[in-house]
Amino acid sequence: MADVYTPDTLKELSDSSPRYGVIGYPVKHSLSPGMQLAGFEAAGIEAQYVRIEIEPDKLTDTITQMKEMPFAGWNCTLPHKIELKALVDDLTESAEKLGAVNTVLHEDGRFVGFNTDGQGWVRAIREDFSVDVRDLRILILGAGGAGQALARQAAMEKCERLVIANRSIDKAAELLDELSSTIHSDKLLRSNDRLKAIPLDADAVAAEVGEIDLVVNTTSVGLKAADPELLPARALEPHLLVYDTIYKPNPTRLLRTAEEIGARTSNGLSMLLHQGALSWEIWAGRSAPLEAMRQGLQDAFNQSR
Ligand code: ATR
């Protein structure tokens with residue numbers, strides 16, 4: 001069986017067991033098959049879970065094509081999560097509120113779009129740091145797709161404080177406007193300081209972190225070895241919890257800097273696990289075998305190095 005399918009080769013997929021998969025572009029590095037298949041195996045469910053690479057301009061046609069095929073459900077990763085919102089038949093509240101779809105259930109001939117990224121992140125923070133997002137003062141670095149989703153989730157959780165830092169401040173300010181008008185939270189709106197947009201630079205961040213518990217990187221800075229330093233040590237403090245949604249390389253430069261000054265750190269692998277387990281539960285209709293999925297994910301990660 002091919003490792004990565006495309007719209008042209010999808011018809012080669014076997015009909016012998018329920019089909020699941022992950023769509024994206026690129027998708028060949030996705031760790032989801034290892035994790036999801038470990039879950040199915042542990043639960044004694046026979047299933048396929050494949051990678052499907054779809055160029056952005058082929059997304060609409062491919063979703064239509066998949067509707068005619070026996071897909072039981074699938075995940076969606078970059079860059080299709082936002083576009084997919086308009087292509088599914090029904091949107092659940094999670095997808096509506098986060099503005100993106102990462103999980104689809106094929107139910108009675110309809111594609112139902114969910115989003116498990118936000119809840120997956122909340123569970124990851126709880127597991128990694130033994131704290132709840134709602135009790136934290138949070139600084140989100142980045143206001144792109146991932147930053148928007150996590151900021152919306154944090155606001156929905158009515159976290160204690162939310163600061164959004166972005167290189168282009170306009171995007172952070174726009175997100176802030178949206179959150180203050182759509183998220184009705186006394187806690188968040190009590191003072192202007194509870195919800196704030198700042199530029200993503202060392203001075204602006206250094207001025208905020210005294211009133212922050214959790215820093216979350218959602219920018220793409222750190223993915224490549226040649227990337228610039230996102231924040232210098234002087235912008236961080238030892239009391240911080242620092243979470244980088246990037247899990248490769250591990251640690252990222254940001255996490256290394258944070259560790260060096262004594263902050264606690266964790267990376268996006270835990271978020272990948274928990275969003276995946278929540279997707280699995282939507283498809284299987286029962287509790288996910290979390291430890292088996294964790295092991296499957298770790299194995300896939302180790303093999304990818
Ligand atoms: P994603 O959907 O993964 O969040 P994206 O929407 O392209 O990807 O967003 C990328 C994020 O990384 C943005 O917040 C971007 O900042 P800008 O909005 O200013 O472009 C941020 N980013 C990318 N390169 C950066 C860099 N060199 N320094 C700081 N931020 C950067």
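Computed from a prediction, not measured in an experiment: that's the story for all the values here. Both counts, for ligands and for their atoms, begin at 1 and track the order of listing. Worth knowing before you read on, the calculation uses all heavy atoms, side chains too, and leaves out hydrogens, waters and symmetry mates.
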For Tyr20 and Trp283, take the angle between the two ring planes, folded into 0 to 90°, and tell me which bin it lands in: parallel under 30, tilted 30 to 60, perpendicular over 60.
tilted
Pairs touching residues 285-305 that satisfy ring-ring contact (aromatic ring centres under 6.0 Å, His included), sequence neighbours left out:
none
Quiz question for you: does at least one protein heavy atom lie closer than 4.0 Å to atom 2 (O) of ligand 1?
yes
Identify, by atom number and element, the atoms of ligand 1 in contact range of Ala143, meaning under 4.0 Å from any of its heavy atoms.
14 (O)
Any N or O of Gly147 that comes nearer than 3.5 Å to an N or O of ligand 1?
no
One residue to check: Asn166. Relative to ligand 1, which of side chain, backbone, both or neither has a non-hydrogen atom less than 4.0 Å away?
side chain
Ligand 1 atoms in contact with Ala146 (distance to a heavy atom under 4.0 Å):
1 (P), 2 (O), 4 (O)
Side chain, backbone, both or neither: Thr219 near ligand 1, heavy atoms under 4.0 Å
both
Pick, from Lys171, Glu229, Arg167, the option with the minimum heavy-atom distance to atom 27 (N) of ligand 1.
Arg167
Numbering as shown, the atoms of ligand 1 that approach Gly142 to under 4.0 Å (heavy-atom distance)
14 (O)
Residue, atom and distance of the protein heavy atom nearest atom 28 (N) of ligand 1 read Val221 CG2, 3.6 Å
Could you verify whether a donor N or O on one side chain and an acceptor N or O on the other, from Asn267 and Asp244, lie under 3.5 Å apart?
no
Shortest protein contact, atom 9 (O) of ligand 1 (heavy atom only)
Gly144 CA, 3.4 Å
Taking atom 17 (P) of ligand 1 as the point of reference, which of Ala100, Ser168, Pro228 owns the nearest heavy atom?
Ser168
May I ask you to check whether Phe111 and His106 place their ring centres under 6.0 Å from each other?
yes
Working to the nearest 0.5 angstrom, can you tell me the gap between Glu96 CD and Asp90 CG?
11.0 Å
Angle between ring planes, Tyr243 versus Phe129, binned at 30° and 60°: parallel, tilted or perpendicular?
perpendicular
Tell me the ring-ring contact (aromatic ring centres under 6.0 Å, His included) pairs involving residues 42-70, sequence neighbours left out?
none
